[in-house]
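On a predicted model such as this, the values are computed, not experimentally measured, just so you know. Naming: A, B, ... by sequence-line order, numbering from 1 per chain.
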Protein chains: 2
Amino acid sequence: MSMTKKKVIQIGVVSELTGLSERQIRYYEDRKLIFPERSKGGVRKYSFEDIQTIMEIHTKLMDGFHTVELKRMLAGS
Amino acid sequence: MSMTKKKVIQIGVVSELTGLSERQIRYYEDRKLIFPERSKGGVRKYSFEDIQTIMEIHTKLMDGFHTVELKRMLAGS
DNA sequence: CGTGTAAGGAATTCTGACACG
DNA sequence: CGTGTAAGGAATTCTGACACG
């Protein structure tokens, strides 16, 4: 597996890199737009690809799309 | 900066990926062989390159080298 | 709908030290 | 020298809920 797909980054770092709040990041998961892994203790782990997706999601939301629509859009990638 | 150099991985994940103990990983830092970044709270963050280096260090140690010698060897990479 | 926040608990990490050999 | 471990504290993350609009 390429490094871009390795789920090794915790939410705090993702928040820093994307500039988004942890609340937003967790919400996108709730909406089935991203699928982080979990440590044994339940801590979320994201990949660099996830970070890319998260930023795309945010951009689309700013454009007026809803999460349900984004789910379809992301399905084709 | 390439993703391989982005310091975003915490010690627990590094431990899992390398199979080494956190104690060993912190010790290599103490010996000036690796240089993780820190979060505001003081939590260590490693890059994929750091993980590569850590595994090389461990291999060399198994070969009988000492950390002081490894410091010189790593300097030329 | 998408996001902010306060709340309490749990997982993770940190440092300095003692131990072994 | 390189690594294990127990100790206490601090940083980070988790969930479920209330709020707004």
For the side chain of [X], starting at C-beta, report the closest nucleotide among [options].
X     : options               : answer
B/T67 : C/dG2, D/dT12, D/dG2  : D/dG2
B/R23 : C/dT3, C/dT12, D/dT5  : D/dT5
A/H66 : C/dC14, C/dT3, C/dG2  : C/dG2
B/R44 : D/dT3, C/dT15, D/dT13 : C/dT15
A/Y28 : C/dT13, D/dT3, C/dT3  : C/dT3

Let me spell it out: for each of A/Q10 and A/E22, pick the nucleotide of DNA chain C with the closest heavy atom. Which residue's pick is nearer the 5' end?
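Checking each residue's closest nucleotide, the 5'-ward one belongs to A/E22.
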
Residue closer to the 5' end of DNA chain C, A/H58 versus B/G42 (nearest nucleotide):
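In this pair, the answer is A/H58.
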
Pairwise side-chain contact, A/V13 with B/I9, heavy-atom cut-off 4.5 Å (strictly under)
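SC-SC contact between A/V13 and B/I9 ruled out.
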
Compare all side-chain heavy atoms of B/M73 with those of B/F65 and state whether any distance is below 4.5 angstrom.
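Yes; the side chains approach each other to less than 4.5 Å.
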
Whole angstrom is fine here: how far is it from [atom1] in [X] over to [atom2] in [N]?
X     : N      : atom1 : atom2 : answer
A/E69 : C/dG2  : CD    : P     : 9 Å
A/I25 : D/dT15 : CD1   : P     : 14 Å
A/R26 : D/dT15 : CZ    : C1'   : 9 Å
B/R38 : D/dA10 : CZ    : P     : 16 Å
A/K45 : D/dT12 : NZ    : P     : 15 Å
A/K40 : D/dT13 : NZ    : C1'   : 18 Å
B/Q24 : C/dC14 : CD    : C1'   : 18 Å
B/I11 : D/dA10 : CD1   : P     : 20 Å

Please check the phosphate of C/dG2 (OP1 and OP2 only) for any side-chain N or O of A/Y27 closer than 4.0 Å.
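Yes, within the criterion.
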
Quick one: stems for DNA chain D, with Watson-Crick or G-U pairs under 3.5 Å, at least three in a row?
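Ordered by first number, the stems with DNA chain D (at least 3 consecutive pairs each) read C:2-5 with D:17-20, C:17-20 with D:2-5.
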
For B/R31 and for B/V43, find the nucleotide of DNA chain D with the closest heavy atom, then tell me which residue's nucleotide is more 5'.
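Upstream on the strand: B/R31.
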
Please compare A/G41 and B/L61 by the position of their nearest nucleotide in DNA chain D and report the one closer to 5'.
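The residue whose closest nucleotide sits nearer the 5' end is B/L61.
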
Under 3.5 Å, side-chain donor or acceptor atoms of residues 26-34 of chain B against the rest of the protein: list the pairs with distances, not counting sequence neighbours.
residue : atom : partner : partner atom : Å
B/R26   : NH2  : B/E22   : OE1          : 3.1
B/E29   : OE1  : B/R44   : NH1          : 2.8

Side chain of [X], backbone of [Y]: donor and acceptor closer than 3.5 Å?
X     : Y     : value
B/D50 : B/S47 : yes
B/K7  : B/F35 : yes
B/S15 : B/L20 : yes

Donor-acceptor side-chain pairing of A/E56 and A/T53 below 3.5 angstrom:
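Absent: no donor and acceptor within the cut-off.
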
Please round to the nearest 0.5 Å and tell me the distance separating atom CG of A/L17 and atom CE of A/M55.
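Taking CG in A/L17 and CE in A/M55, the distance rounds to 8.0 Å.
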
